[in-house]
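See structure below.
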Amino acid sequence: MDTILVTGGCGFIGSNFIRYVLKNTNNYRIVNVDKLTYAGNLKNLAGLKGDPRYCFYKGDICNYELLSFIIEKENVTSIINFAAESHVDRSILSPQEFIRTNVIGTDVLLEITRRFGLKKFIQISTDEVYGSLEQTGKFIESTPLSPNSPYSASKASADLLVRAYNHTYNLPTIITRCSNNYGPYQFPEKLIPLMIINAINEKPLPVYGDGMNIRDWIYVEDHCAAILAIYEEGKIGEVYNIGAENEMPNIEIVKLILKELGKNESLITFVKDRPGHDRRYAIDATKIKTELGWKPRYEFKEALKKTINWYIENQTWWQEIISGEYKKYYKKWYEER
Ligand code: NAD
Ligand code: TYD
């Protein structure tokens, strides 16, 4: 049985990925290493208690000694790196932690892969490394990197390190670049969960600028299936874009959420724009579709409803978050607008 070290497995996508793999296959043991930052939550994986195919270590991906110990003790064969500081607005408030975790942390994991001769290293990157699009065109894997925020610059830096380790040391690496995810367990600082929760609580829904920025949305389970396909069949040294061909202006999504929850559009509040706000993202995922036969299974409106229902049914999960440390961040961020 292959043992995969998943980093950042207590976050949104990592926890969905671990659940997805353990539910749909019986080929893997998963060792989850997570620092449990504000975004990491053990409750995201509470259902796995007692599963012998899963274990957890609280730890920082910048800690080379700890990672070396875990790799040997658990006979780890490969790494999938989800761990990151992931929120653009926080990177604008304070970039340092983004450089530390996203750049230095990735470098430590690459060194670990090299030292222990691991079989595979998958870097979970983002379409944001490509920068911003005008009204037409889509990102392909060879689109030049042109990041605009401290977050995307840190992710692009990590991608370049992964590329260099592959090129220089023949390290068996693959990079994935996915568009915006939504689904259960997403931290309520991101657009969709924030708007759902504010709508439920009848609080203002803060839309940046004119609300016409476009993101290309994918349901998190489709992303997880793509990562597993890439892990199993992807070509070493390659980059794979992942997306579901679902471009939407932010304001349209906000209106859909209000409609689904039966709330009034008067809750929409246009606020000061995000500095350097990328206008449009759109992913061309032809490569993964033709090479690996992956395709998204979820239709946007249905999966958005499913997501809204999850937040309705899991209020204690997010109530604990919004009444904790997050409250201070939200206040500071909101005051700036
Ligand atoms: P998240 O913020 O929900 O989770 C990040 C996890 O990483 C948390 O559990 C956190 O505790 C952990 N972590 C942070 N710093 C760490 C460190 N130094 N050591 C160990 N663990 C650490 O993020 P997410 O939305 O699940 O994103 C996961 C990955 O997917 C990120 O690499 C992100 O760049 C990428 N990605 C996200 C999206 C999206 O829409 N959310 C889209 C494309 C790519
Ligand atoms: P976000 O979920 O932060 O993802 P990213 O910036 O990584 O794409 O934001 C998605 C879009 O929604 C982005 O264009 C910014 C916008 N947005 C708002 O209009 N209001 C908000 O409160 C947030 C968090 C985001």
Side-chain angles (χ1 to χ4, degrees), residues 6-17 32-42 44-45 57-63 66-67 80-92 97-98 100-102 104-106 108-109 123-129 132 148-149 151-152 154-156 158-159 176-183 185-195 198 204-218 220 223-224 227 241-243 248-251 253-254 268-274 276-281 283 330 333-334 337:
V6 165
T7 68
C10 295
F12 164 49
I13 304 174
S15 64
N16 276 285
F17 179 75
N32 173 14
V33 175
D34 195 298
K35 189 181 169 186
L36 298 179
T37 66
Y38 78 93
N41 187 345
L42 285 172
N44 295 2
L45 288 169
Y57 289 85
K58 181 172 191 283
D60 191 325
I61 58 164
C62 299
N63 187 339
L66 175 71
L67 288 162
I80 306 183
N81 181 28
F82 291 88
E85 287 296 332
S86 68
H87 191 40
V88 174
D89 292 324
R90 286 189 193 247
S91 83
I92 294 167
E97 203 53 25
F98 286 73
R100 207 186 77 88
T101 288
N102 300 2
I104 298 172
T106 302
V108 169
L109 294 171
Q123 172 69 359
I124 307 302
S125 186
T126 163
D127 63 352
E128 300 193 27
V129 298
S132 185
N148 291 318
S149 71
Y151 164 67
S152 54
S154 69
K155 293 295 288 186
D159 284 14
T176 71
R177 296 192 182 130
C178 189
S179 59
N180 286 64
N181 285 221
Y182 64 100
Y185 298 99
Q186 186 165 31
F187 196 85
E189 64 193 354
K190 305 281 176 16
L191 179 77
I192 290 184
L194 175 72
M195 297 299 170
N198 282 13
L205 272 55
V207 174
Y208 297 166
D210 61 1
M212 289 307 291
N213 297 67
I214 290 173
R215 297 292 181 263
D216 190 353
W217 295 93
I218 183 170
V220 64
H223 185 192
C224 293
I227 294 168
N241 280 353
I242 305 168
M248 290 269 237
N250 297 333
I251 189 70
I253 295 190
V254 170
I268 296 173
T269 315
F270 288 93
V271 297
K272 197 173 102 199
D273 208 353
R274 171 188 279 172
H277 196 175
D278 284 340
R279 193 63 175 166
R280 174 172 167 259
Y281 302 147
I283 274 276
Y330 190 78
W333 163 88
Y334 199 73
R337 319 206 120 73

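In listed order, ligands and their atoms are each counted from 1.
Sorted by chain then number, the residues whose non-hydrogen atoms approach ligand 2 to under 4.0 Å are H87, V88, E128, N180, E189, K190, L191, L194, M195, P206, V207, Y208, N213, R215, N250, R274, H277, Y281, W333.
Atom CG of D278 sits about 8.5 Å away from atom CG of N213, to the nearest 0.5 Å. One distance of note links CG of D159 with CZ of R177; it measures 4.5 Å at 0.5 Å rounding. Once rounded to the nearest 0.5 Å, the distance linking CG of L191 with CG of L205 reads 9.0 Å. Rounding to the nearest 0.5 angstrom, the gap separating the OG atom in S15 from the CZ atom in F82 is 9.5 Å. Taken from CG in N198 to CD1 in I268, the straight-line distance is 12.0 Å, to the nearest 0.5 Å.
With contacts defined as side-chain heavy-atom distances shorter than 4.5 Å, the pair N32/Y57 does not qualify. R100 is listed as a side-chain neighbour of D60, based on a closest heavy-atom distance under 4.5 Å. Contact of the N250 side chain with the Y208 side chain is not registered, since no non-hydrogen atoms from C-beta on lie closer than 4.5 Å. In this structure the side chain of I253 reaches within 4.5 angstrom of the side chain of W217, judged on heavy atoms. Under the 4.5 Å side-chain criterion, counting only non-hydrogen atoms from C-beta, T7 is in contact with L109. K190 has its side chain within reach of S86: a pair of non-hydrogen atoms, C-beta onward, lies under 4.5 Å apart. For the pair F270 and I251, the minimum side-chain heavy-atom distance is below 4.5 Å. With contacts defined as side-chain heavy-atom distances shorter than 4.5 Å, the pair H277/I92 does not qualify.
Counting only heavy atoms of the protein, atom 4 (O) of ligand 1 lies nearest to G11 CA, 3.4 Å. Atom 2 (O) of ligand 1 has its closest protein heavy atom at S86 OG, 2.6 Å. Of the protein's non-hydrogen atoms, A84 O, 3.4 Å is the one closest to atom 5 (C) of ligand 1. The protein heavy atom nearest to atom 30 (O) of ligand 1 is I124 CG2, 3.5 Å. With hydrogens left out, the protein atom closest to atom 44 (C) of ligand 1 is S125 O, 3.0 Å, a heavy atom. Given atom 25 (O) of ligand 1, the protein heavy atom at minimum distance is F12 CD2, 3.7 Å. The protein heavy-atom contact nearest to atom 40 (O) of ligand 1 is N181 N, 2.9 Å.
Near T37, meaning under 4.0 Å from one of its heavy atoms, ligand 1 places the atoms 10 (C), 11 (O), 14 (C), 15 (N). The contact set between ligand 1 and G59, taken as ligand atoms under 4.0 Å from a residue heavy atom, comprises 19 (N), 20 (C). With ligand atoms numbered from 1 in the order given, ligand 1 contributes 11 (O) to contacts under 4.0 Å with heavy atoms of L36. Atom numbering of ligand 1 starts at 1 in the shown order; those under 4.0 Å from a heavy atom of N180 are 40 (O).
With distances taken over non-hydrogen atoms, the option nearest atom 16 (C) of ligand 1 out of K155, E128, K35 is K35. The closest heavy-atom contact to atom 38 (C) of ligand 1, among the options N32, I13, T126, I227, comes from I13. The residue from I242, D34, N44 that puts a heavy atom closest to atom 9 (O) of ligand 1 is D34.
On a distance-only criterion, T101 and ligand 1 share at least one N/O pair closer than 3.5 Å. An N or O contact shorter than 3.5 Å links F82 to ligand 1 by distance. Checking only distances, N41 never comes within under 3.5 Å of ligand 1, N or O to N or O. Among the atoms of C178, none of the N or O lies under 3.5 angstrom from an N or O of ligand 1. Taking distance alone, with nitrogen or oxygen atoms compared against 3.5 Å, I61 approaches ligand 1 more closely than that limit. Annotation: D60 places an N or O atom under 3.5 Å from an N or O atom of ligand 1; distance criterion only.
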Working for side-chain hydrogen bond (donor to acceptor under 3.5 Å, both in side chains), residues E128 and Y281: CA-CA 8 Å; E128 300 193 27; Y281 302 147; 3.3 Å; yes
side-chain contact (heavy atoms from CB on, under 4.5 Å) between V220 and Q186, intermediate numbers included: CA-CA 9 Å; V220 64; Q186 186 165 31; over 6 Å; no
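Look at Y151 and you'll find a heavy atom under 4.0 Å from some atom of ligand 1. Using a 4.0 Å heavy-atom cutoff, S15 is absent from the residues neighbouring ligand 1. At least one heavy atom of S179 sits closer than 4.0 Å to an atom of ligand 1.
The pair K155-D127 does not meet the salt-bridge criterion, since no charged nitrogen lies less than 4.0 angstrom from a carboxylate oxygen.
Looking at D216 and S179, their side chains never bring a donor and an acceptor atom within 3.5 Å of each other.
A cation-pi arrangement, defined by a distance under 6.0 Å to the six-membered ring centre and an angle within 45 degrees of its axis, is present between R90 and Y38.
Neither the backbone nor the side chain of C62 has any atom closer than 4.0 Å to an atom of ligand 1 (non-hydrogen atoms only).
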